[in-house]
Amino acid sequence: MMELRPENKRTWLGEHGFTLIELMVVMVILGILAGLIVPRIMDRPEEARRTKAAVQIQSIEQALKLYKLDNGKYPTTEQGLRALVEPPATGNLAKKWRTGGYLEKGVTPKDPWDNDFVYISPGLHGDYDLSSYGADGQAGGEGKDADINSWELQ
């Protein structure tokens, strides 16, 4: 065991520190990293909303396919996506509507901007068109306001 003598005191306590230059170099490196990373992180929430909307559209499409499999047709525009959570009361009635509906939780989802999805059947691009109008809630737009459409998804 090391004795606590005055000549050993300095190494025994481990008095090693950082110089002002070393601290400044670390601060500059952290500043550069923050300058590169923060702008990229700040744009991520909008990208995440757009990805969530695309995933929701694909999920609704699966429910629509199950609806058609059971009933022979997609819900009409008038019946809307509500036909996936409760039996339609107008138009072509669903004769083999699945108990419990076709969407989890028994509710028609809203897009990440808290707007209703737009459903048109028959659609202009296929049997149906399903869209989210993006951040502005209006048809068209660019960037964060651009529409997310079922016929454009992979």
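Side chains are part of it too, since the values below use all heavy atoms of this structure and drop only hydrogens, waters and symmetry mates.
Residues Leu81 and Phe117 form a side-chain contact, since some pair of their non-hydrogen atoms from C-beta on lies under 4.5 Å apart. Using a 4.5 Å heavy-atom cutoff, the side chains of Pro112 and Gln56 are in contact. Between Leu64 and Leu84, some side-chain heavy-atom pair lies under the 4.5 Å cut-off. No side-chain heavy atom of Lys68 sits less than 4.5 Å from a side-chain heavy atom of Tyr128. Asp116 is listed as a side-chain neighbour of Lys110, based on a closest heavy-atom distance under 4.5 Å. You'll find the side chain of Ser131 reaches within 4.5 Å of the side chain of Trp151, heavy atoms only. The closest side-chain heavy-atom distance from Ile60 to Thr108 is not below 4.5 Å.
Within the structure, salt bridge (Lys or Arg N to Asp or Glu O under 4.0 Å) pairs that include any residue of residues 17-35 do not occur (at least two apart or interchain).
Asn115 places no side-chain N or O within donor-acceptor distance of the main-chain N or O of Asp111, the cut-off being under 3.5 Å. Of the possible donor and acceptor atoms, one in the side chain of Thr77 sits under 3.5 Å from a partner among the backbone N and O of Ser121. Here the side chain of Ser59 pairs no donor or acceptor atom with the backbone of Val55 at under 3.5 angstrom. When atom types are taken as modelled, the side chain of Asp129 and the backbone of Ile120 share no donor-acceptor pair closer than 3.5 angstrom. Looking only at distances, a side-chain donor or acceptor of Tyr119 sits under 3.5 Å from a matching main-chain atom of Pro75. Looking only at distances, no side-chain donor or acceptor of Thr90 sits under 3.5 Å from a matching main-chain atom of Gln79.
Residues forming a salt bridge (Lys or Arg N to Asp or Glu O under 4.0 Å) with Arg49 (at least two apart in sequence, or on another chain): Glu46. Qualifying salt bridge (Lys or Arg N to Asp or Glu O under 4.0 Å) partners for Asp136, counting only residues two or more places apart in sequence or in other chains: none.
Remark: Glu61 CD is packed, more than 12 non-hydrogen atoms of other residues, nucleotides or ligands lying under 6.0 Å away.
Residues Leu33 and Val25 share a hydrophobic cluster, clusters being chains of Ile/Leu/Val/Met/Phe/Trp/Tyr side chains in contact below 4.5 Å. Residue Tyr74 is grouped with residue Leu153 when hydrophobic side chains (ILVMFWY) are merged at heavy-atom distances under 4.5 angstrom, including chains of intermediate members.
Residues Val85 and Gly106 approach most closely at CG1-C, 3.6 Å, considering heavy atoms.
Ile148 CD1 to Trp113 CH2: the interatomic distance, rounded to the nearest 0.5 Å, is 4.0 Å. The CG atom of Leu69 sits 8.0 Å away from the CZ atom of Arg98 when rounded to the nearest 0.5 Å. Going from atom CZ of Arg50 over to atom CG of Asp147 covers 8.0 Å, rounded to the nearest 0.5 Å. Considering CG of Leu103 and CD of Glu86, their distance stands at 11.5 Å, rounded to 0.5 Å.
Taking the six-membered ring where the residue is Trp, Trp97 and Tyr102 present perpendicular rings, their angle passing 60° and hence far from 30°.
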